[in-house]
Protein chains: 2
Amino acid sequence: MGTVANGKQVKKIKSLLAIQSEVQSSNRIALSVDCVIFGFDENKLKVLLMRSDLKKYQSKWSLLGDLVKPDEDLDAAAYRILKQRTGLDDVYLEQVHSFGKINRHPGGRVVTVAYCSLINIQHHKLKILDNELHWHDVASVKDLAFDHKTIFDLSLQRLQKRVQEHPLGFSLLPNKFSLRELQNLYEAILSIKLDRRNFRKKFFAMNFLVDMDEIEQNLPHRPGKLYKFDYDKYEKNKKKWSGIDF
Amino acid sequence: MGTVANGKQVKKIKSLLAIQSEVQSSNRIALSVDCVIFGFDENKLKVLLMRSDLKKYQSKWSLLGDLVKPDEDLDAAAYRILKQRTGLDDVYLEQVHSFGKINRHPGGRVVTVAYCSLINIQHHKLKILDNELHWHDVASVKDLAFDHKTIFDLSLQRLQKRVQEHPLGFSLLPNKFSLRELQNLYEAILSIKLDRRNFRKKFFAMNFLVDMDEIEQNLPHRPGKLYKFDYDKYEKNKKKWSGIDF
DNA sequence: AAAATATTGTGTTTAATTTACACAATAAAT
DNA sequence: ATTTATTGTGTAAATTAAACACAATATTTT
């Protein structure tokens, strides 16, 4: 009972158990975050993947993930992990869903929380692109490590839905973009063809596009005007169109 | 190094560390599930709450929650916890969001995954109703234990959105219901008034209501016809109306 | 049994939104 | 000057949503 075992192992016990008093330590579980980072390039929707950490999965690509630390906010962990894996620290992350099947991870019991983000590939040249990270065409993502294909599929679905309710797409485009680029983006995300005239009508009606008085350069045909997304105008006109299908 | 300390504490170490080899045990975190159970009674939307386990929060109500076990699927944990707290085992639970602020729980670091469900109060007389559980009016839920008010608010928002995209509401009603009851339900969930004629038109057009050839009983005025929700018809006509605002 | 009460059941008109669709204007390349 | 590829624009038809009123019917009251 009162006997105290000396040595490293006992220290381990104490540090393990000290943090949380009322919560039984035997019930603790490893928790990870996996980030689904979408980009848009060459008129295709892309997703940023990394080579799996684990040997068993070395041949497969995986989402950008890592364990959450016990003294770290869940959201903060997502930002930390993204920063760590890519160097990116100025992007918005949004929680998608948590995945907790018992054997989803070969290294043991790990529950993971998926986050997703939209980034502009041009503006965010990845600092850490040492062959461990790669932008994949969303359309050609086949199997990923662990259950990451499931996570990716749900995240894509979520993106498709979100983008029809809110003007999120802009974070995937350069600051100045033509309406054709914008339409290409929506077509890529939703995997559908849209009518050009109706598309333009709808976006102009929403009243958050600002004409930059510039046109596209170096095209072998008539160039389009360039616009930017005005966040303040968006906030002001929100209620009028929020929830409308694009 | 090789010294082995005898006694209970060493056993504890081993059992703690044995389960997961590759995943560092120092990174493990307590994980819980909290269930937001909605019901509908007396034309009001209700939520099932329990008295908080913790002394510190005894005066407050809390969501139905408990820790997830290390060898248990996340979804399974939600069903287990609901069963344990209420006796209910035939309801559908849906994951809402995970909450992981560092100090959200006074008992230590606990990340929680919220689930929500719609149940029919009449059909599911709670087996365990020993003053520890109570159906609260959603409208009058003020502060709850921990961050449960935040969790509840988000779950309600989610419900309001979901119910406009899919015909979920039926699980809150008796098998046979009048159109007035159905409308009351939608008005309660969305906190808005709906036009009776347009409401009826919309639901009949969706073509999943079956006329039971019965009418309401014991009313001091003209009774309404009773209908039931036909899941097969719903599946068949899904595409035609899915996503339409009710 | 007649009258009062409270609610059900039903249709139409108008407005708003979505869809379908074609041609002239323009910048670059030849 | 011509060709090329794409931009920019408007209208009509169809669909969907919103607004709105009165007769029919069980029950209760007198």
Side-chain angles (χ1 to χ4, degrees), chain A residues 42-43 163-165 167 173-174 176-188 190 192-207 209-228 237-246, chain B residues 42-43 161 163-167 173-174 176-188 190-228 237-246:
Chain A
E42 300 166 317
N43 284 341
V163 98
Q164 297 191 52
E165 295 169 342
L173 291 177
K176 300 174 188 175
F177 50 85
S178 68
L179 273 178
R180 162 58 57 190
E181 288 176 293
L182 186 60
Q183 184 174 342
N184 284 344
L185 171 65
Y186 274 86
E187 291 181 339
L190 300 173
I192 52 171
K193 277 279 157 209
L194 297 167
D195 179 275
R196 194 157 55 95
R197 274 172 292 187
N198 293 337
F199 182 84
R200 298 169 74 90
K201 214 186 310 173
K202 210 165 260 178
F203 273 84
F204 285 130
M206 289 189 244
N207 207 45
L209 291 181
V210 178
D211 187 337
M212 300 299 283
D213 274 317
E214 287 179 66
I215 56 171
E216 296 175 285
Q217 299 298 324
N218 301 324
L219 293 173
H221 56 74
R222 179 176 179 180
K225 283 183 169 189
L226 295 179
Y227 297 86
K228 73 168 182 185
N237 293 287
K238 227 173 178 174
K239 295 125 217 155
K240 296 183 197 163
W241 60 268
S242 177
I244 286 171
D245 286 321
F246 283 46
Chain B
E42 298 165 319
N43 285 342
K161 206 173 160 192
V163 98
Q164 296 191 53
E165 297 170 340
H166 303 282
L173 291 176
K176 298 173 189 176
F177 51 85
S178 68
L179 273 179
R180 162 58 56 191
E181 289 176 292
L182 186 59
Q183 184 174 343
N184 285 344
L185 172 65
Y186 275 86
E187 291 181 338
L190 299 174
S191 295
I192 53 171
K193 278 278 159 210
L194 297 167
D195 179 273
R196 193 157 55 92
R197 275 172 291 186
N198 293 336
F199 182 85
R200 299 168 73 89
K201 217 185 306 175
K202 211 167 258 181
F203 272 85
F204 284 131
M206 289 189 243
N207 206 45
F208 50 56
L209 293 180
V210 179
D211 186 338
M212 299 301 282
D213 275 317
E214 285 178 69
I215 57 172
E216 296 175 284
Q217 300 297 324
N218 302 324
L219 294 172
H221 55 76
R222 179 175 178 180
K225 283 183 168 190
L226 295 178
Y227 297 86
K228 71 168 183 185
N237 293 286
K238 224 173 180 175
K239 295 126 220 156
K240 297 182 197 164
W241 60 269
S242 176
I244 285 170
D245 286 322
F246 282 44

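So that the names make sense, note that chain A is the first sequence line, chain B the second, and so on, each numbered from 1.
Protein atom NZ of A:Lys202 is 11 Å distant from nucleotide atom P of C:dT17, rounded to whole Å. In this structure, B:Phe199 places its CZ atom 15 Å from P of C:dT10, rounding to the nearest Å. Rounded to whole Å, the distance from CG on B:Asp211 to C1' on C:dT8 is 13 Å. For the pair B:Leu194 CG and D:dA17 P, the interatomic distance rounds to 13 Å; values are reported in whole Å. The separation between A:Lys193 atom NZ and C:dC21 atom P is 16 Å, rounded to whole Å. With rounding to whole Å, A:Lys225 atom NZ is found 13 Å from C:dA25 atom C1'. Between A:Arg180 atom CZ and D:dT9 atom P the separation is 15 Å, expressed in whole Å. Between B:Asp195 atom CG and C:dG11 atom C1' there is a gap of 12 Å when expressed in whole angstrom units.
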Before you tell me yes or no, could you show the steps for B:Tyr186 and B:Phe203 under ring-ring contact (aromatic ring centres under 6.0 Å, His included), namely the whole-Å CA-CA distance, both residues' side-chain angles and the distance that decides it to 0.1 Å?
CA-CA 12 Å; B:Tyr186 275 86; B:Phe203 272 85; 5.3 Å; yes
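Here the side chains of B:Leu185 and B:Glu181 are not in contact, with every heavy-atom distance at 4.5 Å or above. Residues A:Ile215 and A:Arg222 form no side-chain contact, since every pair of their non-hydrogen atoms from C-beta on lies 4.5 Å or further apart. The closest side-chain heavy-atom distance from A:Phe204 to A:Asp211 is not below 4.5 Å.
Every residue was checked against the side-chain hydrogen bond (donor to acceptor under 3.5 Å, both in side chains) condition with B:Asn207, not counting sequence neighbours, and none meets it. Under the side-chain hydrogen bond (donor to acceptor under 3.5 Å, both in side chains) criterion, B:Glu214 pairs with B:Lys176, sequence neighbours left out. Residues that satisfy the side-chain hydrogen bond (donor to acceptor under 3.5 Å, both in side chains) test with A:Arg200, not counting sequence neighbours, are absent from this structure. Contacts of B:Asp213 classified as salt bridge (Lys or Arg N to Asp or Glu O under 4.0 Å), with partners at least two apart in sequence or in another chain: none.
Residues B:Ala188 and B:Asn43 come closest through the heavy atom pair CB-O, 4.1 Å.
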Check nucleotides 12-14 of chain C for protein N or O atoms closer than 3.5 Å to its own N or O atoms and list the pairs.
residue	atom	partner	partner atom	Å
C:dT12	O4	B:Lys201	NZ	3.0

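Within the 4.0 angstrom heavy-atom criterion, base atoms lie near A:Arg197. Base contact: B:Arg196 has a heavy atom under 4.0 Å from a base atom.
Heavy-atom distances under 4.0 Å link DNA chain D to A:His221, A:Arg222, A:Pro223 of residues 213-223 of chain A, given in residue order.
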